[in-house]
Amino acid sequence: MLLSKHYAGRGPMRLALATMLVLLLFAWHFYLERAAYYDLAYHLFIYLKDKSLFVQNRRFVAIVTQLPTLLALKAGLPLDGVLRLYSVVFIVYYLAVFLVCAYWFRNQQVALVVALLYVLLASRTFYWAQSELPQGLAALLLFYGGVARQAPLPWRFSTLALAALVPVFIFGHPLIILPFLFIWAYDWVLNRRFRDWAYYGMLVLALAMYQLRAMLIPPGSYEATHMTFTPNLIKFFPNYLALGSFHNFWQLCSRSFLALPLLLLALTVFYARQRTWPAWLRLGLVWGFVGGYTFIINVSNPDYTDPTYLENLYLPLTLFVAVPFALELLPALERRWNGRGAALATGLLGVLLLARLALVWQRHVPYTAHQQWLNQLLTYTSQFPERKFIMDFNNMDPHQLRAGGSAWASASETMMVSARQHPDSVQTVRVGTDVEQMAAAGAQPGILLGPFETMNTSDLPARYFRFPNTSYRVLNTLPPSDTASLRPYITAHQGVRLVLPGAVPTTWQAGRQHTLPVLIQVPPAARPLHSGIRAPHPTLLRTAFYKAHDWPTDALPVEVPLEVDVWQPWTQTLPLRAPQQPGHYTFEVSLISKDYRDWPVRLRIPVEVVE
């Protein structure tokens, strides 16, 4: 029997399609924030080096997004175009799933779930595009879009074709078995599939594939080391709610994930008013899976606080509320209020989708800041002939002012950004904590220190990357280590100037975190100003607030290492926290030798702190 999966009006589908198209525009516009960032930059490096796909942990759902990009590289498309293609191909894949569900399967309700999946809770995840979890969830919804229209499932070729999707999403990510079980159980109750034997066959197939997947995980692999739920369940018993991960989750539910508690409340009222056992059972499924899945993620990651990675892990929570919302609550709203329900339901959905798209747009700020910093760094290093550089991880954004605090991806990120216009402009900056070892490895000309491998620059395709036959240059060299040498070093550098390059705000919000760009200029005779912090008394930038007569305030000074050795003028963004008490203060930026003495190099401006 074919089940009706259409909405009363055209509004929901128009809004869902508009949402997917807006995401496509975002992916086109923010292509560097997505494709020249983190994993995707490394994936492109692998495609160029090995001329093959890069499927990790048997998550072969990624082939859908990797193959077009690899073919574009083999066709010789310009690197800038390949980067843009790699960004948009993910949304094209999700859009294709949406269109198949809506117009081939004629299942508008599941098509709406596809659109909700990528905006309802997701915002930062949009800029970390490579994860196989949302890719696998798209395959799951494609499967469900075909299954949900038929009760019972017929024994024919189309059902076998849908069954072929099961290994795709089960192998796509180890967590996808949980949203599959929710969707299977929810639809089993909703459509009374008590004697639907083909439907039971889908469950058996999924469980078998999950067991096979678990058996194929090699000991010591990435996935094996991340299976921490059972050990942590024992370790933290019974104080689970005291874990920091639960505190982070409650905060997310009051801000970025606000749609989750609101929809849970709406579904609770909706099911409770029906007062039937199937309704209570579906409500129990919703709350059980939301609570159970949240518990699994939080116990498995008790101290992990990276918001982008956590948001990605929480993504299946979207399905636990979006599926009953799209399949039951929204159609019920359309039928109410004497024919005006459709307009009201469309209006509420429009407000929800617009608000979430606005948040996705707003989230670009730290990712764009990271790209701006990469360009600034590459412009600065272009003065040196080596074009291959080593940077200490501890000098790179220690206060996490930008996205991109992970060191391993910097080598491929800088290569992609610098070579976009011409292969001869390529540069690479390898960031790590073992600077001495990297410098020793990079001392041989023609060597390239990749994120996880060392190779020859000649192994890279000359169409995209042409490095000179040079060794690496270290960007963070050490100042004198003993105080006797530091005194003349400071005297020689007392001509260093600190300049505020832009308009300086004279009013600061009390207790708030702020940032301020500062230009560091070094006289030619005193170059460089050394930035290495592995010395006993490294040179640091310090921001501080003082009251009259240089009395200290309730805002502690903030110390930041120089990001690079300063030869030419270098602009660095500094963090600061304004005092809690309103009033007139003196704001100071200065140089210090940590654990030794302040320098006679400082910049002071009067500011006002307000409520």
Side-chain angles (χ1 to χ4, degrees), residues 36 41-42 44-50 79 373-397 404 406-481 489 520 522 524 526-535 538-539 561-570 572:
Y42 179 60
L44 277 175
F45 174 75
I46 294 296
Y47 304 156
L48 287 162
K49 178 175 70 76
D50 297 339
L79 184 58
W373 180 80
L374 287 177
N375 279 288
Q376 176 193 349
L377 178 65
L378 292 167
T379 300
Y380 181 79
T381 53
S382 63
Q383 66 181 296
F384 305 118
E386 290 87 353
R387 304 230 306 268
K388 298 184 296 183
F389 306 97
I390 293 168
M391 188 175 188
D392 193 328
F393 172 76
N394 298 300
N395 290 75
M396 176 185 173
D397 197 17
S406 181
W408 68 266
S410 61
S412 46
E413 287 176 348
T414 48
M415 287 176 63
M416 300 306 156
V417 172
S418 61
R420 286 189 304 125
Q421 305 305 326
H422 198 277
D424 289 330
S425 64
V426 65
Q427 299 181 62
T428 184
V429 181
R430 179 69 169 88
V431 179
T433 55
D434 50 345
V435 174
E436 288 79 9
Q437 294 181 21
M438 290 191 297
Q444 181 179 347
I447 289 295
L448 181 69
L449 303 178
F452 302 107
E453 58 276 290
T454 300
M455 68 201 74
N456 295 317
T457 55
S458 58
D459 295 336
L460 297 174
R463 179 179 180 83
Y464 293 104
F465 305 123
R466 288 202 288 264
F467 281 101
N469 191 34
T470 58
S471 58
Y472 273 78
R473 180 190 187 96
V474 178
L475 294 176
N476 308 113
T477 56
L478 301 177
S481 58
Y489 175 76
I520 303 109
V522 182
R527 295 172 183 166
L529 179 62
H530 296 282
S531 62
I533 62 173
R534 301 180 308 283
T539 304
L562 292 161
E563 290 176 316
V564 293
D565 291 350
V566 183
W567 294 80
Q568 299 298 326
W570 171 256
Q572 186 160 331

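Since the structure is predicted, the reported quantities are computational estimates derived from the model, not experimental observations. One-based numbering along the sequence shown.
Taking all atoms of both residues into account, the shortest heavy-atom contact from M455 to E453 is CE-CG, 3.2 Å. The two residues P479 and G532 come nearest to each other via the heavy atoms CD-O, 3.4 Å. Nearest heavy-atom pair, I390 versus Y472, reported as atom, atom and distance to 0.1 Å: CG1-CD2, 3.6 Å. Nearest approach of L48 to M416, heavy atoms of both residues: CD1-CE, 4.0 Å. Across A443 and S471, no two heavy atoms sit closer than the pair O-CB, 3.2 Å. Of all heavy-atom pairs between P423 and A462, the closest is CB-O, 3.7 Å.
Here S481 contributes atom OG and R534 contributes atom CZ; the two are 12.5 Å apart, rounded to the nearest 0.5 Å. Annotation: the span from I533 atom CD1 to L562 atom CG amounts to 10.0 Å, rounded to 0.5 Å. Annotation: the span from T539 atom OG1 to L478 atom CG amounts to 10.0 Å, rounded to 0.5 Å. In this structure, M438 CE and T454 OG1 are separated by 10.5 Å, a value rounded to the nearest 0.5 Å. To the nearest 0.5 Å, atom CD of residue Q572 and atom CG of residue D397 are 9.5 Å apart. Interatomic distance, CG of L529 versus OG1 of T477, reported as 9.5 Å (0.5 Å rounding).
In this structure, the ring pair (Phe, Tyr, Trp, His ring centres under 6.0 Å) partners of Y489, at least two apart in sequence or on a different chain, are H493, H530, W599.
Side-chain atoms of N476 never come within 3.5 Å of backbone atoms of M391 as a donor-acceptor pair (strictly under, hydrogens ignored). T470 places no side-chain N or O within 3.5 Å of a backbone atom of P445 that could act as its donor or acceptor partner. A donor-acceptor distance shorter than 3.5 angstrom exists from the side chain of S425 to the backbone of S418, with no hydrogens or angles considered. With hydrogens and angles ignored, the 3.5 Å screen pairs no side-chain donor or acceptor of R387 with any backbone N or O of T381. Checking side-chain atoms of D565 against main-chain N and O of P528 turns up no donor-acceptor pair under 3.5 Å. At distances below 3.5 Å, not a single donor-acceptor pair connects side-chain atoms of E413 with backbone N or O atoms of L374. Looking only at distances, no side-chain donor or acceptor of N395 sits under 3.5 Å from a matching main-chain atom of P561. A donor-acceptor pair under 3.5 Å is formed between the side chain of Q383 and the backbone N or O of Y380. Side chain of R430 to main chain of G450: a donor-acceptor pair is present (N/O by atom type, distance under 3.5 Å, no hydrogens or angles). With hydrogens and angles disregarded, no donor-acceptor distance shorter than 3.5 Å links the side chain of T457 to the backbone of L448.
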Would I520 and E563 count as a side-chain contact (heavy atoms from CB on, under 4.5 Å) here? Give the steps. CA-CA 11 Å; I520 303 109; E563 290 176 316; over 6 Å; no
side-chain contact (heavy atoms from CB on, under 4.5 Å), that's the test. Do V417 and Q427 meet it? Break it down for me. CA-CA 9 Å; V417 172; Q427 299 181 62; over 6 Å; no
Quick one: do V564 and M396 satisfy side-chain contact (heavy atoms from CB on, under 4.5 Å)? Show the steps, please. CA-CA 9 Å; V564 293; M396 176 185 173; over 6 Å; no
Kindly indicate, with the supporting measurements, whether the criterion side-chain contact (heavy atoms from CB on, under 4.5 Å) is fulfilled by H422 and Y464. CA-CA 7 Å; H422 198 277; Y464 293 104; over 6 Å; no
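For the pair L460/F45, a side-chain contact is recorded, criterion being any heavy-atom separation below 4.5 Å from C-beta on. Side-chain contact between W567 and V522: absent, with no pair of heavy atoms (C-beta onward) separated by less than 4.5 Å. Using a 4.5 Å cut-off on side-chain heavy atoms (C-beta onward), F467 and T428 make contact.
In this structure, R473 forms a cation-pi arrangement with F384, its terminal cationic atom sitting closer than 6.0 Å to the ring centre and no more than 45° off the ring axis.
A salt bridge between K49 and D459 is absent, with no side-chain N of the basic residue lying under 4.0 Å from a carboxylate O of the acidic one.
Screening residues 433-462 for ring pair (Phe, Tyr, Trp, His ring centres under 6.0 Å), with sequence neighbours left out, gives Y42-F452, W408-F452.
Using a 3.5 Å distance cut-off with no hydrogens or angles, the side chains of Q568 and W570 do not pair a donor with an acceptor.
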